[in-house]
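The basis for the numbers below is simple: all heavy atoms, side chains too, and nothing from hydrogens, waters or symmetry mates. It should be emphasised that the depicted structure is a prediction, and the values quoted were computed from it without experimental measurement. Each ligand, and each atom within it, is numbered from 1 in the order the structure gives.
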Amino acid sequence: MPNKEIPYKIYLEENEMPKQWYNVRADMKNKPAPLLNPETLKPMTFEELRHVFCDELVKQELNDTDAYIDIPEEILKFYKMYRPSPLVRAYCLEEKLQTPAKIYYKFEGNNTSGSHKLNSAIAQAYYAKQQGLKGVTTETGAGQWGTALSMACSYFGLDCQVYMVKVSYEQKPFRREVMRTYGAKVTPSPSETPEVGRKILQEHPGTSGSLGCAISEAVEAAQAQDGYRYVLGSVLSQVLLHQTIIGLETKAALDKYDIVPDIIIGCAGGGSNLGGLISPFMGEVLRGEKNYRFIAVEPSSCPSLTRGKYVYDFCDTGKVCPLAKMYTLGSGFIPSANHAGGLRYHGMSSILSQLYHDGYMESRSVEQTAVFQAAEEFARVEGILPAPESSHAIRVAIDEALKCKETGEEKTIVFGLTGTGYFDMVAYEKFHNGQMEDYIPSDEDLKPGFAGIPRFPGNEI
Ligand SMILES: *Cc1c(COP(=O)(O)O)cnc(C)c1O
């Protein structure tokens, strides 16, 4: 290492801040497969997609050639309120673990919504406003996305309607009330209002809901109202694009001190934070400039990458969204009520799926008690109370650091700390009381989800 001492927190100066998002698809030889229209099985066109999403976002969704896309001035201005997020050297954690590894984390919990989701929410609200829309509808799992979107919408004066996974709506009244503070209308999903919600309730009576199911309801609600579009907090390529602000800042901060990571780790729900964090580094690998290990971490109870199939599937339980080629457990898979709500999604970003399929990324699944052990260990030494989702990445970062302790290797580990867990204290309580259970679905349990995957020539399981 050169003579520069590495500070506890690495910030960027204003003139070092990224002004463009990076579109990793431009550097991928094997592009992610296009979204398909479920009726014609042909790639979704701009015209078809613009009925669902804002025009500018559709362009971003379909763009797999431009490596850099300008971040509009107004979004840069909003980013300045809470960015750059700090890249922290986890000196205390290293000491506690007695590891020769160097551990860094990029902390995205420094805003009221408590997670990275605001990075894309503000972009999506901006484009909706630009287009002169009245409002947007969306789904939210644990509530982080809904919170981020309600903040973004109130900033631009847009109406915001949120379908919230029922189990979270009931277990997390605080997040729900933050959304309402920002003026959003929040409905538990599945609900009785739209058609698709009622249908899901008939097929799965008493269900505690799922992200996929809430998506269907939100899409339907957008289509039923004039001047409304649906916006999504993860999975889509446009969302991953906005989240590259995380990776671009991380890379700029590391470069500033000539730090080269060996391993980059992130939790994976729909893949947006992980994709955003690793994109600039992945770009270097794809262009043959560098080599890094990337690890996606998911819950054992919802193992899309580790045990899913790489096929075209519906993005949502109600089958109203286009088909995406991705690692999936089947859109009908409703995971057990584990405590990392943001990771309870049956599929995965098509970009990450393709990269994983091509061997550029590894995946790990971890059990929730081990995740909360890591969360607690981290909270005690680093001072931040992490979100359960983020703690999946902490678990694997600690595991990798402990391996370094055995081998004596001084690896540099970077992980994404996506948010804080203050609204997840019921989960922490269960953990402290020894009432938290690990649930690993058997192959038998996964079968019904796989059986619901659409079959057509070229899409065999
Ligand atoms: C939503 C969420 C995630 C998972 O979403 P991705 O799209 O996979 O990034 C992870 N951590 C937190 C704190 C979240 O809110």
Side-chain angles (χ1 to χ4, degrees), residues 85 105-121 124 138-149 151 162 164-165 168 172 175 178-179 210-212 214-215 231-247 264-279 294-299 302-305 315 324 326-327 335 338-353 356 361 363 366 371 375 378 384-396 415-424 427:
S85 70
Y105 56 91
K106 179 72 168 164
F107 179 48
E108 292 291 320
N110 253 344
N111 68 75
T112 296
S113 76
S115 82
H116 66 285
K117 293 206 169 70
L118 193 55
N119 300 331
S120 182
Q124 298 195 43
T138 197
E139 83 296 339
T140 195
Q144 290 98 321
W145 167 245
T147 311
L149 189 69
M151 285 175 74
V162 181
M164 185 171 188
V165 176
S168 303
K172 299 182 179 176
R175 195 109 57 187
V178 179
M179 285 186 254
S210 70
L211 267 184
I215 293 174
V231 294
L232 182 52
S234 184
V235 191
L236 296 173
S237 301
Q238 54 185 276
V239 181
L240 193 149
L241 175 75
H242 306 146
Q243 295 298 354
T244 60
I245 190 76
I246 304 172
I264 306 175
I265 301 166
C267 61
S272 76
N273 89 82
L274 174 67
L277 172 65
I278 69 176
S279 274
F294 303 104
I295 308 177
V297 191
E298 54 187 17
C302 192
S304 330
L305 282 171
C315 295
M326 58 185 177
Y327 280 85
N338 88 66
H339 292 289
L343 305 183
R344 296 179 74 215
Y345 182 66
H346 67 274
M348 185 57 59
S349 142
S350 63
I351 297 176
L352 288 187
S353 292
Y356 179 64
M361 194 173 79
S363 69
V366 290
V371 166
F378 181 84
I384 294 172
L385 190 112
E389 292 87 353
S390 324
S391 305
H392 286 67
I394 300 178
R395 174 73 270 160
V396 171
F415 72 89
L417 187 69
T418 49
T420 47
Y422 302 115
F423 293 131
D424 301 286

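When atom types are taken as modelled, the side chain of S390 and the backbone of G419 share a donor-acceptor pair closer than 3.5 angstrom. Under the 3.5 Å distance criterion, the side-chain polar atoms of Y345 are left unmatched by any main-chain donor or acceptor of A268. S120 contributes no side-chain N or O that, together with a main-chain N or O of G233, makes up a donor-acceptor pair within less than 3.5 Å.
The protein non-hydrogen atom at the shortest distance from atom 8 (O) of ligand 1 is G269 N, 2.7 Å. Given atom 2 (C) of ligand 1, the protein heavy atom at minimum distance is K117 NZ, 2.4 Å. Here the protein heavy atom with the shortest distance to atom 11 (N) of ligand 1 is T418 OG1, 2.7 Å. The protein heavy atom nearest to atom 7 (O) of ligand 1 is S234 OG, 2.4 Å.
Counting only heavy atoms from C-beta outward, the side chains of M361 and I278 approach each other to under 4.5 Å. No side-chain heavy atom of E108 sits under 4.5 Å from any side-chain heavy atom of N273. Residues H116 and T418 form a side-chain contact, since some pair of their non-hydrogen atoms from C-beta on lies under 4.5 Å apart.
At a heavy-atom cutoff of 4.0 Å, ligand 1 is contacted by no atom of V239, backbone or side chain.
Just one of I245, I265, T244, I246 meets the side chain to side chain contact (heavy atoms under 4.5 Å, CB included) condition when paired with L277; it is I246.
Checked by distance only, ligand 1 and S272 come closer than 3.5 Å through their nitrogen or oxygen atoms. Residue-to-ligand polar distances place G270 within reach of ligand 1: an N/O pair is separated by less than 3.5 Å. For ligand 1, one of its N or O atoms has an N or O atom of G271 under 3.5 Å away.
In this structure, the separation between CG on L241 and CD1 on I351 is 8.0 Å, given to the nearest 0.5 Å.
Distances below 4.0 Å separate heavy atoms of S115 from the following atoms of ligand 1: 13 (C), 15 (O). Heavy-atom proximity to L343, at under 4.0 Å, picks out these atoms of ligand 1: 4 (C).
Using a 4.0 angstrom heavy-atom cutoff, H116 counts as in contact with ligand 1.
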